[in-house]
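Take a look at the structure below.
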Amino acid sequence: MMKCLPEYSNFFYSRIGLVILLVMGTAALCLSQYSPAKKYKQDPLVYDSTTKNYITTYHPKPPAGAPNIVLIMLDDVGFSTAGTFGGMAETPVFDELAANGLKYTNFHTTALCAPSRAALLTGRNHHSVNMGHFTETAFDAPGYDGNMPFEKATMAEVLKENGYNSFILGKWHLTPLGDRTAAGPFNRWPTGRGFDRFYGFLESATDQYYPVLWEGITRAKTDTGSGKHLNTLLADKAIEYIDRQQKSAPGKPFLLYLAPGTVHSPMQVDKEWIDKYEGKFDMGWDRYRELVLARQKKLGVVPDYVTLPPRNEKITAWDRLSTDEKKIMARAMEAHAGFLSQADAEIGRVISYIRNTGQLENTIVIVIIGDNGATKYTAEIPGVPDGMEKASHEEKITAALKNIDQIGRKNFKGDIPLGWTQASNTPFTLWKGDANSEGGTHNPMIIYAPKYIKEKGGIRNQYVHLIDIWPTLLDLTKAHLPAVINGYVQAPLEGKSFAYSLNNSAAKSKHNLQYFETGASRALYKDGWKAEAYHPLGTSYKNDTWELYDMQHDFNERINLAKKYPGKLRELREVFENEAKKYHLYPLHDSWFPANKYLQISDSREKEAKEN
């Protein structure tokens, strides 16, 4: 028998919530996947077999003129990779959307993949929905157990109550580890959290040519012999889902959440996309940063006063690399850029399909270029075969050079080296997982919504966070946020709509307070100031050093003002502690990988496919 108790002790969010609960009765709480019993309006003595004046079965109706929503989130893409924001990877589809919409240059993520996705879909902070870390490293504490509360519905659950269909294609990464089998339970799979269709993967990553995919709650049959890239499969299926829906219910609005694994490892793409960039990164990562910063300033996506931070001490100067090392490293970046360009093209197929159906003008497209900054979890030398862990540096270089044509191809399992990931985070410091730094949390965002935006090609500098996406969509769609969904009284949203800025570039930011934390590295943004602490792995967080930055005049955290303004730092640290208690940040946890060393956070069907 299901235990009829709320999932969390803070279930009673308000006196209103308590009153609703008393009226509903605890029986409704048992129905985690069903709405409470309906109260019927018909009078059986009036609406009978004689009059035949029955009220038809209730189906939620969308608001008049409700727009479609296409929500795109890429994976591990740094701030300066895509051409749209000054990078050297060509992204013509993103360019077109931005040219006819808006670029947001001060947009923030959580610094880590699963937390960012939870924040995006719920409009609430990641610890608030118990996704403070990876699902694979979840532990039994508020904020970290990986079980997103049903009291904090996803946008798909809410939109279903407003007459929408919702589809998710690609990376989910929000199902607890113990639930990720064909035995379920399935209430925390995408279809258990409001999505009508799911075609994608549950893990942090999957192989691009031998993916482990699910459709709904069933393992999807994938023809790996066809050689189709995963991004192509996702685009095909997205088009199929929209086509089926529109043929069945023409004009019915939909939410399409398209989340490819690009550019997360394994970095794999067809050779033609890699060859497209042959020789274009021979200048190396140091010169790349200089060139890209100049491009960013010209585009207006970073302020003119910005200067580059020093090369990270872990990275060798490009000029000190040997000729063979340069060939290997350049080829890796060619594959990285090709991977992103290919994803852009496949996303473009979906956008073109919607345009050809005549619905693009009534569609809101939001592109989030990265769920966090570029990664620091990468190999020193790309292309080194397995089994060479104990080989010398020279032996590894020789082997990688011999293997250079396989870098970024079908059987490649790695990523770009650290020198390129810092370069692709220009002009910031640090990386994915470093929630204290803009390098971990500052990503590009594009919004295309011709029905709502008057200006074309505009730039917006307002401070925006992932948790603001859903409140903004609620504003634009006029969707109703029910007090109770599936029997659960809903907690308030925690983000703020940025709809006010769509047609007012000079509007003051309304999101003025935001905490950050992953892996015990943490920060607090308040009214243009930012206090932050980098956490060295394996040390006590109590010994971490706090820094202070004036973000209104120091875009990429170059001048630490902690000693100059100790009072301001104390003030922000006090606010951080209040936010930490409010959103369940403690206990801080700095382990990045599962305690079980045999547990994989990425999966592949390669062995299975070859055996068959």
Side-chain angles (χ1 to χ4, degrees), residues 72-99 102-107 109 260 262-264 267 269 273-274 276-303 306 308-309 311 315 318 329-348 367-376 378 408 415-432 438-446 457 459 555-556:
I72 299 163
M73 175 174 265
L74 293 160
D75 202 342
D76 284 6
V77 187
F79 186 79
S80 62
T81 307
T84 316
F85 278 74
M88 294 188 180
E90 296 176 11
T91 48
V93 175
F94 299 165
D95 293 349
E96 182 184 357
L97 291 171
L102 301 173
K103 286 187 279 194
Y104 277 76
T105 68
N106 204 5
F107 180 79
T109 57
T262 307
V263 295
H264 195 294
M267 177 175 69
V269 73
W273 290 100
I274 304 174
K276 174 184 175 70
Y277 290 98
E278 185 175 359
K280 294 188 177 180
F281 298 101
D282 289 352
M283 85 292 282
W285 45 63
D286 293 324
R287 181 61 178 153
Y288 177 96
R289 291 206 300 155
E290 296 170 354
L291 293 172
V292 164
L293 180 59
R295 290 161 63 108
Q296 291 172 327
K297 290 180 180 180
K298 186 176 181 179
L299 288 171
V301 296
V302 305
V306 170
L308 289 174
R311 182 192 324 105
I315 299 168
W318 184 264
M329 304 305 177
R331 185 61 173 177
M333 191 59 187
E334 292 166 10
H336 185 79
F339 195 10
L340 183 58
S341 291
Q342 188 260 6
D344 176 85
E346 292 298 341
I347 290 167
V367 183
I368 302 167
I369 307 180
D371 52 356
N372 42 245
T375 187
K376 59 183 174 182
T378 183
D415 209 327
I416 52 174
L418 207 58
W420 283 122
T421 60
Q422 181 184 24
S424 62
N425 259 352
T426 300
F428 304 121
T429 61
L430 301 182
W431 295 274
K432 168 184 179 176
E438 296 295 295
T441 64
H442 202 135
N443 287 86
M445 190 267 281
I446 299 165
I459 291 176
F555 183 78
N556 59 335

Taking atom [atom1] of [X] and atom [atom2] of [Y], what is their separation to the nearest 0.5 Å?
X: Phe107; Y: Thr441; atom1: CZ; atom2: OG1; answer: 10.5 Å
X: Met445; Y: Ile72; atom1: CE; atom2: CD1; answer: 12.5 Å
X: Tyr288; Y: Gln422; atom1: OH; atom2: CD; answer: 12.0 Å
X: Met333; Y: Ile274; atom1: CE; atom2: CD1; answer: 13.0 Å
X: Thr262; Y: Met73; atom1: OG1; atom2: CE; answer: 14.0 Å
X: Asp344; Y: Thr84; atom1: CG; atom2: OG1; answer: 7.0 Å

Are side-chain heavy atoms of [X] and [Y] found at a separation under 4.5 Å?
X: Lys432; Y: Asn425; result: no
X: Val302; Y: Thr105; result: no
X: Gln296; Y: Val292; result: yes
X: His442; Y: Phe428; result: yes
X: Ile369; Y: Asn443; result: no
X: Thr109; Y: Asp371; result: no
X: Pro427; Y: Phe79; result: yes
X: Val263; Y: Thr81; result: no

Stepwise side-chain contact (heavy atoms from CB on, under 4.5 Å) check, Lys280 with Glu334: CA-CA 7 Å; Lys280 294 188 177 180; Glu334 292 166 10; 5.9 Å; no
Who passes salt bridge (charged side-chain N to carboxylate O under 4.0 Å, His left out) against Glu278, sequence neighbours left out? none
Residues in side chain to side chain donor-acceptor pair (under 3.5 Å) contact with Glu90, at least two apart in sequence or another chain: Lys276
Which atoms form the tightest heavy-atom contact between [X] and [Y], and what is the distance?
X: Arg295; Y: Gly86; answer: NE-O, 2.9 Å
X: Ser424; Y: Ala374; answer: OG-CB, 3.5 Å
X: Tyr277; Y: Ser341; answer: OH-OG, 2.5 Å
X: Ala330; Y: Asp282; answer: CB-OD1, 3.6 Å
X: Phe281; Y: Met88; answer: CE2-CB, 3.9 Å
X: Ser80; Y: Ala423; answer: OG-O, 2.9 Å

Is the side chain of [X] donor-acceptor paired with the backbone N or O of [Y] at a distance under 3.5 Å, no angle test?
X: Lys297; Y: Val306; answer: yes
X: Arg289; Y: Pro309; answer: yes
X: Thr421; Y: Leu418; answer: yes
X: Trp420; Y: Met329; answer: yes

Would Ile416 and Phe339 satisfy side-chain contact (heavy atoms from CB on, under 4.5 Å), going step by step from the backbone distance to the final call? CA-CA 11 Å; Ile416 52 174; Phe339 195 10; over 6 Å; no
Are Leu74 and Leu340 close enough, and set up right, to give a side-chain contact (heavy atoms from CB on, under 4.5 Å), and what steps lead you there? CA-CA 9 Å; Leu74 293 160; Leu340 183 58; 4.1 Å; yes
If the plane angle is over 60° it's perpendicular, under 30° parallel, otherwise tilted; pick one for Trp318 and Trp285. perpendicular
Begin from the C-alpha positions of Ile446 and Phe85 and carry the test side-chain contact (heavy atoms from CB on, under 4.5 Å) through to its verdict. CA-CA 10 Å; Ile446 299 165; Phe85 278 74; 4.0 Å; yes
